[in-house]
Amino acid sequence: QDRDGIVWLGTWGQGLFRMHRGQLDRVALPGTQRQSPIRALAEDRAGGVWIGTWYDGLYHYNGSRMERYLTGSESFSNSISALETEACGSVRTPAC
């Protein structure tokens, strides 16, 4: 659950969802299929939500816009399994 009370749900085969005020909605991740596996979620100090996927890169949602980050070598073995926020408010992805 983030600071605004939104519950973020990452699934293995159905993509990303969020629940707010009893309403469950699918969250589209640009450049992925609807069923993209979600492996990690974290909220940063500024309230942004970071989403790590199995092989579709890293996403950041700042409350109004979803942005995608790619390494250029996305594959099944190049997944984001954990996210850690730092005191300064940034996020880093440990080696998987």
Side-chain angles (χ1 to χ4, degrees):
Q1 181 172 336
D2 68 17
R3 67 178 67 187
D4 294 326
I6 298 171
V7 177
W8 293 84
L9 304 163
T11 69
W12 184 248
Q14 297 299 315
L16 180 65
F17 292 84
R18 65 181 175 184
M19 183 181 292
H20 185 59
R21 296 183 181 159
Q23 178 72 34
L24 182 65
D25 296 308
R26 181 182 298 273
V27 178
L29 296 176
T32 67
Q33 297 179 10
R34 289 175 54 135
Q35 67 271 18
S36 182
I38 307 301
R39 294 182 52 100
L41 293 166
E43 181 180 23
D44 63 25
R45 188 175 187 182
V49 176
W50 293 86
I51 302 111
T53 68
W54 187 26
Y55 56 88
D56 289 317
L58 177 67
Y59 288 84
H60 179 246
Y61 179 69
N62 68 5
S64 62
R65 184 170 158 247
M66 187 73 72
E67 189 168 358
R68 185 181 189 190
Y69 299 90
L70 297 172
T71 64
S73 61
E74 280 64 33
S75 69
F76 293 126
S77 62
N78 185 10
S79 61
I80 298 170
S81 298
L83 296 167
E84 178 180 320
T85 58
E86 297 179 341
C88 65
S90 63
V91 70
R92 63 185 175 128
T93 58
C96 300

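Sequential numbering from 1 along the given sequence is applied to the chain's residues.
- Expressed to the nearest 0.5 Å, how far CD1 of Ile38 lies from CD of Gln14 amounts to 11.0 Å.
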As a quick check of understanding, evaluate ring-ring contact (aromatic ring centres under 6.0 Å, His included) for Trp50 and Tyr61, giving each step before the final call. CA-CA 6 Å; Trp50 293 86; Tyr61 179 69; over 10 Å; no
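- The one candidate from Leu16, Val49, Thr53 that meets the side-chain contact (heavy atoms from CB on, under 4.5 Å) condition with Tyr59 is Thr53.
- A donor-acceptor contact shorter than 3.5 Å is absent between the side chain of Asp4 and the backbone of Ile6.
- Contact detail for Gln1 and Glu43: the closest heavy-atom pair is O-OE1, 4.3 Å.
- The CG atom of Leu24 sits 6.0 Å away from atom CZ of Phe17, with the distance rounded to the nearest 0.5 Å.
- Pairing each heavy atom of Gly10 with each of Leu41, the nearest pair is N-CD1, 3.8 Å.
- Of the possible polar contacts, none joining the Arg18 side chain to the Gln23 backbone as a donor-acceptor pair under 3.5 Å is found.
- Rounding to the nearest 0.5 Å places OG1 of Thr11 at 7.0 Å from CZ of Arg26.
- Ile51 CD1 to Asp56 CG: the interatomic distance, rounded to the nearest 0.5 Å, is 12.0 Å.
- Proximity of Arg39 to Ile80: side-chain heavy atoms (C-beta onward) are nowhere separated by under 4.5 Å.
- For the atom pair Met66 CE and His60 NE2, the distance stands at 9.5 Å (nearest 0.5 Å).
- With rounding to the nearest 0.5 angstrom, the OH atom of Tyr69 is 7.5 Å from the CG atom of Leu58.
- Residues Ser79 and Tyr55 have side chains not in contact (no heavy-atom distance under 4.5 Å, counting atoms from C-beta outward).
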